[in-house]
Amino acid sequence: MPELDVASDHAILLDAVREGGALALAHFKAGVTSQDKKDGTPVTEADLAVDALLKQRLRAAQPDYGWLSEETEDDAARLETTRQWMVDPIDGTRAFIKGRPHFAVVAALIDNGRPVAGAIFNPATDELFEAQAGKGALLNGKPISVTDVPDVEGCRMLGAADMFQHPAWPQKWPPMDIAQRNSIAYRGALVASGDFDAMLVMNWKNDWDLAAADLIVHEAGGHMTSHTGDGLTYNAKDPRHRTVVAAGPALHRALHDRIGAIVLPG
């Protein structure tokens, strides 16, 4: 396989995501209908159209790279590749269907299990988050960074409010400013930009939900890991992750101290 040219692949990825965002926005403005997939999650014509566009643009540019997308049947051939495109054509489909501007077109390039280029584009708010490994994170071309908030109490947390109220927690959560966004990738981007201090997810998420956000958070100076502090590796046979926590270093440490020892069922 040719030597990796991250800058070139990132430019291809950005062009595709921008084009996909324009297509998603056109559907969003026109109104959408949806149906349920076999797993009970919704899908719209826009999801499928954006997926087809991204697949055509990205695979045409780099046909030797593997492919993993929420809206494409998984092909085990990706496991034999060194590099993969990972795509969620519309992350936050439920928000998209309801006319809420909390969705994003998401794409990342994985090299040997880790993201090296990624973009998260919310066309409804015109926010384009992007990063290349070792080059920092950007929002609409300007550098972004995570916050340096050290304490859980009072932090601006992205997550499901009822999750924090669950009686199974070993200790009660302190008061926090909790908000919700349907798109997991967009949540990560908002932590990277400092609009929120942290995000916590305690249920299964997929590679395509996380890869671009993982890179953008790290390049913005933060950490995205499992709740036990383990780094996330991509393109495994099972492309799912049990839990996710993202925050600046000090707050990530505080969250790990609170929940890192919790053992969850597989």
Side-chain angles (χ1 to χ4, degrees), residues 9-78 81 83-110 115 117-130 140 181-190 205-213 215-216 234-235 239-240:
D9 284 346
H10 185 65
I12 293 165
L13 183 151
L14 282 181
D15 285 345
V17 166
R18 287 190 184 102
E19 191 174 352
L23 179 58
L25 187 60
H27 281 270
F28 183 70
K29 290 179 177 178
V32 297
T33 57
S34 66
Q35 59 186 356
D36 286 344
K37 296 184 284 189
K38 291 180 180 179
D39 63 2
T41 60
V43 63
T44 70
E45 288 183 0
D47 290 271
L48 301 178
V50 175
D51 187 62
L53 185 154
L54 293 176
K55 188 172 186 179
Q56 195 283 321
R57 298 291 188 271
L58 296 175
R59 299 218 74 180
Q62 294 288 10
D64 294 331
Y65 291 3
W67 177 264
L68 181 64
S69 166
E70 180 173 14
E71 307 304 345
T72 304
E73 185 176 354
D74 193 5
D75 184 349
R78 66 179 171 82
T81 61
R83 300 167 196 149
Q84 305 82 34
W85 297 115
M86 292 193 175
V87 164
D88 194 340
I90 298 179
D91 186 34
T93 298
R94 286 187 173 88
F96 185 81
I97 292 167
K98 294 176 181 177
R100 297 174 182 167
H102 299 153
F103 63 91
V105 177
V106 183
L109 174 62
I110 307 300
I120 299 169
F121 181 35
N122 183 338
T125 58
D126 195 28
E127 294 172 299
L128 176 60
F129 305 84
E130 59 170 299
N140 294 341
R181 298 289 185 271
N182 288 100
S183 167
I184 297 297
Y186 189 43
R187 292 186 210 179
L190 292 173
K205 297 301 173 188
N206 297 284
D207 278 0
W208 53 76
D209 297 311
L210 302 174
L215 177 64
I216 293 168
Y234 299 91
N235 200 48
R240 300 182 302 161

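Just so it is clear, the values below take in all heavy atoms, side chains as well, and ignore hydrogens, waters and symmetry mates.
Once rounded to the nearest 0.5 Å, the distance linking CG of L210 with CG of D91 reads 9.0 Å. Put simply, OG1 on T72 and CG on D51 are 3.5 Å apart, with the number rounded to the nearest 0.5 Å. The structure places CG of L53 at 7.5 Å from CD of Q56, a figure rounded to the nearest 0.5 Å. Between atom CZ of residue F121 and atom CD of residue E127 there is a gap of 9.5 Å, rounded to the nearest 0.5 Å. For the atom pair E71 CD and D88 CG, the distance stands at 7.0 Å (nearest 0.5 Å). A distance of 5.0 Å separates CG of L190 from CZ of F129, quoted to the nearest 0.5 Å.
The minimum heavy-atom distance linking A119 with L128 is given by the pair CB-CD1, 4.3 Å. In plain terms, the two heavy atoms of A124 and P101 that are nearest each other are CB-CB, 3.7 Å. Summarising the geometry of A213 relative to G188, their closest heavy-atom pair is CB-CA, 4.1 Å, with the distance given to 0.1 Å. The heavy-atom pair separating A185 from V106 by the smallest distance is CB-CG2, 3.6 Å. Among all heavy-atom pairs drawn from A16 and L58, the shortest one is CB-CD2, 3.9 Å. For the residue pair P89 and S69, the shortest heavy atom distance occurs at CD-OG, 3.8 Å.
Considering only heavy atoms from C-beta on, S34 stays 4.5 Å or farther from T93 through its side chain. Taking the side chain as every heavy atom from C-beta outward, L68 and I110 never approach each other to under 4.5 Å. Residues W208 and V87 form no side-chain contact, since every pair of their non-hydrogen atoms from C-beta on lies 4.5 Å or further apart. Between V50 and L54 there is a side-chain heavy-atom pair separated by less than 4.5 Å. Residues P239 and M86 are not in side-chain contact: their nearest non-hydrogen atoms beyond the backbone lie 4.5 Å or more apart. With a 4.5 Å cut-off on side-chain heavy atoms, H10 and L109 do not count as touching. Considering only heavy atoms from C-beta on, F96 stays 4.5 Å or farther from N182 through its side chain.
Side chain of D15 to main chain of I12: no donor-acceptor pair is present (N/O by atom type, distance under 3.5 Å, no hydrogens or angles). In this structure, N122 contributes its side chain and A104 its backbone to no donor-acceptor pair below 3.5 Å. Judged by distance alone, the side chain of R187 and the main-chain N or O of R181 form a donor-acceptor pair under 3.5 Å. The closest donor-acceptor contact from the side chain of D209 to the backbone of I184 lies at 3.5 Å or more, if one exists at all. At distances below 3.5 Å, not a single donor-acceptor pair connects side-chain atoms of N206 with backbone N or O atoms of E70. Formation of a donor-acceptor pair under 3.5 Å by the D207 side chain with backbone atoms of N235 is found in this model.
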Please set out all donor-acceptor pairs under 3.5 angstrom arising from side-chain atoms of residues 59-66, sequence neighbours excluded.
unit_1 : atom_1 : unit_2 : atom_2 : d
R59    : NH2    : Y65    : O      : 2.8
Q62    : NE2    : D9     : OD1    : 2.8
Y65    : OH     : D9     : OD2    : 2.6

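Around NZ of K37, the count of heavy atoms belonging to other residues, nucleotides or ligands within 6.0 Å exceeds 12.
Classified by interplanar angle (parallel below 30°, tilted 30° to 60°, perpendicular above 60°), the ring pair F28/F103 is tilted.
Considering only residues two or more places apart in sequence or on other chains, E45 meets the salt bridge (Lys or Arg N to Asp or Glu O under 4.0 Å) condition with none of them.
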